[in-house]
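Below is one structure, written out as structure tokens, with a few remarks after it.
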Amino acid sequence: MTDQTPGTVTITLDGTNKSSTIKLLEGTIGPAVADIRKLYADLGIFTYDPGYGGTAACESKITYIDGDEGVLLHRGYPIEQLAMNSSFLEVAHLLLNGELPNAAEKHDFDMGVMRHTMLHEQIRSIYQGFRRDAHPMAVMCGVVGALSAFYHDSLDVNNPDHRRISAFRLIAKVPTIAAWAYKYTIGQPFMYPRNDLGYAENFLYMMNAVPAEPYHVNPVLARAMDRIMILHADHEQNASTATVRLSGSTGANPFACIAAGIASLWGPAHGGANEAVLKMLAEIGHVDNVKPFLDQVKDKNSHSRLMGFGHRVYKNFDPRAKILQATCHEVLAELGIKNDPLLDLAMELEKIALHDEYFIARKLYPNVDFYSGIILKAMGIPTSMFTALFAVSRTVGWISQWKEMMEDPSQRIGRPRQIYTGAAQRDYVAIDQRA
Ligand code: CMC
């Protein structure tokens, strides 16, 4: 590949006189992107990028990440400023609509979302079909997907009003779905949402309250939960968002697409990592065991990883992890937890890993999941709910990305190609003639 003129790259197919001049597309910030759409027509070749590490699959105005510098911007605003000054629903407005709302818009948006928090009463019975020990993510995949069976009035993906109402319904209902998934596993009555509470506050209420007595949500914990939700709201074209976009590219309804996103998020390399961090810390058990554990992680044959470390894009500190580290101390102080053995262990692990040649050479830093698990545990959220909580927060990003894609006139079905390495064409052999 050689530079031709500024703004283009020319690829010449060695041994032929065929070449393709490829336009470089410029975003607002970030590296230029080679527009390879004509490559197959010009040269008869595909590009190969398993894991999509060097591929831009769409144009987006929502989130920007500079992984080398550890920068995360939503609609241009740094995540640090949003986490400190904004609220989850305000960030939801920003992601969905492109701008921070003024006071009247904020009021309308908050009301617009919160009036949809209840679930259709028949959805209660769907829960009875699950085993009591079902993982909340399994329940979420099922119940969120089932919403499409309840909202026939808003399934026309080409209708902007339908898209807006579906976005509101999803953002409003996922906390109720997640909280009920938890209540179901512990055999407590489902708590109906309270629209007089804030978004995060209502989620904590539905998880922790019981009908038999009043329940007051600790405002420090509600604020911490709101911040955790902001930090998880969107993250550019990660695996689950790419899943939502790919599903949506077929014209599938948004409830089905978000259910697909939830399934993708569940894996331990993605949103399931926060739960995996806690399991890992429990397995390590004591600071004395940190060193042998890290030796095991560094051994390729062990197939184990330091959960909560490393990121496909960040080759520096995940900015969300830094904010969570500070929030973690606030929450522990509020709860009067002075010496939390789990946190001590996490700190020791972080300290040793950050000075270890293996992690330095591979630019592996703590990611958002490293601290979120510790805070959530301190807040009394059961481990099995960590990834569900991530799904609740990320629903905003998923639906914003889905909406952006549906409004993009150049949108077409996502359909990757492959290098076929199987058998070449051959003739069918009758069963009695096979070896
Ligand atoms: N522990 C030990 N080694 C690691 C780790 C880790 N957590 N992450 C990457 N490596 C090594 C990997 O073995 C490879 O080494 P080598 O070059 O010697 O073969 C090198 O670092 C590059 O790794 P990779 O697998 O090519 O990197 P990737 O971009 O495909 O994977 C990742 C990114 C996040 C899946 C991976 O770092 C990982 O599995 N981390 C642990 C799980 C985790 O914390 N996930 C949460 C991600 S952030 C939130 C979210 O997205 O949901």
Side-chain angles (χ1 to χ4, degrees), residues 49-55 63 65 67-68 70-72 79 137 140 228-245 260-281 283-284 290-325 346 349-376 383 385-398 401:
D49 185 18
Y52 312 116
T55 295
T63 294
I65 302 174
D68 296 324
V71 170
L72 170 59
I79 189 65
M137 286 295 278
M140 285 195 76
I228 291 168
M229 287 176 163
I230 292 174
L231 295 175
H232 288 84
D234 191 52
H235 212 230
E236 206 226 48
Q237 306 311 317
N238 54 84
S240 56
T241 302
T243 303
V244 170
R245 278 189 180 256
I262 293 171
S264 170
L265 184 77
W266 196 356
H270 193 6
N274 51 15
E275 185 176 341
V277 167
L278 259 277
K279 283 192 182 136
M280 174 187 78
L281 291 175
E283 261 169 51
I284 298 174
V290 167
K291 177 113 190 19
F293 178 76
L294 288 180
D295 289 341
Q296 177 193 317
V297 158
K298 289 187 274 181
D299 173 8
K300 284 267 171 284
N301 299 323
S302 76
H303 299 293
S304 73
R305 287 201 161 188
L306 180 52
M307 300 313 284
F309 261 68
H311 197 275
R312 169 59 63 79
V313 182
Y314 293 121
K315 300 303 167 198
N316 201 325
F317 244 94
D318 179 338
R320 303 168 300 172
K322 275 192 192 161
I323 302 166
L324 275 182
Q325 193 182 26
L349 200 56
E350 185 200 55
K351 199 167 78 190
I352 298 180
L354 285 175
H355 290 93
D356 188 299
E357 191 41 44
Y358 175 94
F359 293 91
I360 295 170
R362 290 168 181 76
K363 298 188 175 161
L364 301 171
Y365 290 86
N367 60 47
V368 67
D369 291 315
F370 191 71
Y371 288 102
S372 62
I374 299 163
I375 304 184
L376 294 174
T383 315
M385 280 298 287
F386 291 1
T387 313
L389 181 63
F390 194 157
V392 168
S393 320
R394 186 54 61 84
T395 294
V396 163
W398 289 329
Q401 301 265 353

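Order of listing sets the numbers, starting from 1, for every ligand and every atom in it.
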>> Nearest non-hydrogen contact with atom 33 (C) of ligand 1 belongs to which option: K363, R312, M280?
In response: R312

> Of all the non-hydrogen atoms in the protein, which one sits nearest to atom 5 (C) of ligand 1, and at what distance?
Replying inline: L364 CD1, 3.8 Å

> Short N/O distance, under 3.5 Å, between M307 and ligand 1?
Replying inline: no

> Which of the atoms in ligand 1, numbered in the order shown and given with their element, are less than 4.0 Å from a heavy-atom of G271?
Replying inline: 52 (O)

> Under 4.0 Å from atom 22 (C) of ligand 1, is there any protein heavy atom?
Replying inline: no

>> Within the structure provided, determine whether W398 and T243 are in side-chain contact (heavy-atom separation under 4.5 Å).
In response: no

> Hey, which atoms in ligand 1 end up nearer than 4.0 Å to a heavy atom of G308?
Replying inline: 43 (C), 44 (O)

> Considering only heavy atoms from C-beta outward, does the side chain of Q325 approach that of P366 to under 4.5 Å?
Replying inline: no

>> Please check this pair: side chain of D49 against backbone of G53, looking for a donor-acceptor N/O pair closer than 3.5 Å.
In response: yes

> Between N274 and S372, is there a donor-acceptor pair closer than 3.5 Å when you use the side chain of the first and the backbone of the second?
Replying inline: no

> So is there a nitrogen or oxygen of H270 less than 3.5 Å from a nitrogen or oxygen in ligand 1?
Replying inline: yes

>> What protein heavy atom lies closest to atom 34 (C) of ligand 1? Include the residue and the distance to one decimal.
In response: G310 O, 3.7 Å

>> Pairs of nitrogen or oxygen atoms closer than 3.5 Å, one from K300 and one from ligand 1: do any exist?
In response: yes

>> Show me which atoms of ligand 1 lie under 4.0 Å from any heavy atom of F390.
In response: 52 (O)

>> Keeping S393 on the side-chain end and L389 on the backbone end, is there a donor-acceptor pair under 3.5 Å?
In response: yes

>> List ligand 1 atoms under 4.0 Å from V297, heavy atoms only on the residue side.
In response: 1 (N), 2 (C)

>> Please compare H311, H303, R362 and report which has the shortest non-hydrogen distance to atom 14 (C) of ligand 1.
In response: R362

> Are there protein heavy-atom neighbours of atom 40 (N) of ligand 1 below 4.0 Å?
Replying inline: yes

>> Any nitrogen or oxygen of L306, side chain or backbone, less than 3.5 Å from one on ligand 1?
In response: yes

>> Please check if the number of heavy atoms outside Y52 that lie under 6.0 Å from its OH is greater than 12.
In response: no

> Hey, are the side chains of L72 and R320 touching, using non-hydrogen atoms and a 4.5 Å cut-off?
Replying inline: yes

> Using 30° and 60° as the class limits, which term best fits the ring planes of H235 and Y314: parallel, tilted or perpendicular?
Replying inline: tilted

> Which is it for A239 and ligand 1 at heavy atoms under 4.0 Å: side chain, backbone, both or neither?
Replying inline: neither

> Hey, which atoms in ligand 1 end up nearer than 4.0 Å to a heavy atom of A273?
Replying inline: 43 (C), 44 (O), 45 (N), 46 (C)

> Just checking, any donor-acceptor pair under 3.5 angstrom between side chains of Q296 and S304?
Replying inline: yes

>> Any atom of ligand 1 sitting under 4.0 Å from a heavy atom of P268?
In response: yes

>> Any heavy-atom pair between the side chains of I262 and M137 that's under 4.5 Å?
In response: yes

> Which bit of D369 is near ligand 1, meaning a heavy atom under 4.0 Å away: side chain, backbone, both or neither?
Replying inline: side chain

> To which protein heavy atom is atom 27 (O) of ligand 1 closest, and what is the distance rounded to 0.1 Å?
Replying inline: R305 NH1, 4.6 Å

> Quick one: does H232's side chain get under 4.5 Å of V368's, heavy atoms only?
Replying inline: yes

>> I want to know if ligand 1 touches Y358 in the polar sense, i.e. an N/O pair below 3.5 angstrom.
In response: yes

>> Counting non-hydrogen protein atoms only, what is the nearest one to atom 45 (N) of ligand 1? Give residue, atom name and distance.
In response: A269 O, 3.0 Å

> Quick one: which of F370, Y371, Y365 gives a ring pair (Phe, Tyr, Trp, His ring centres under 6.0 Å) with F309?
Replying inline: F370

> Can you check whether M280 reaches L349 side chain to side chain, under 4.5 Å on heavy atoms?
Replying inline: yes

>> Between ligand 1 and V368, is the shortest N or O to N or O distance under 3.5 Å?
In response: no

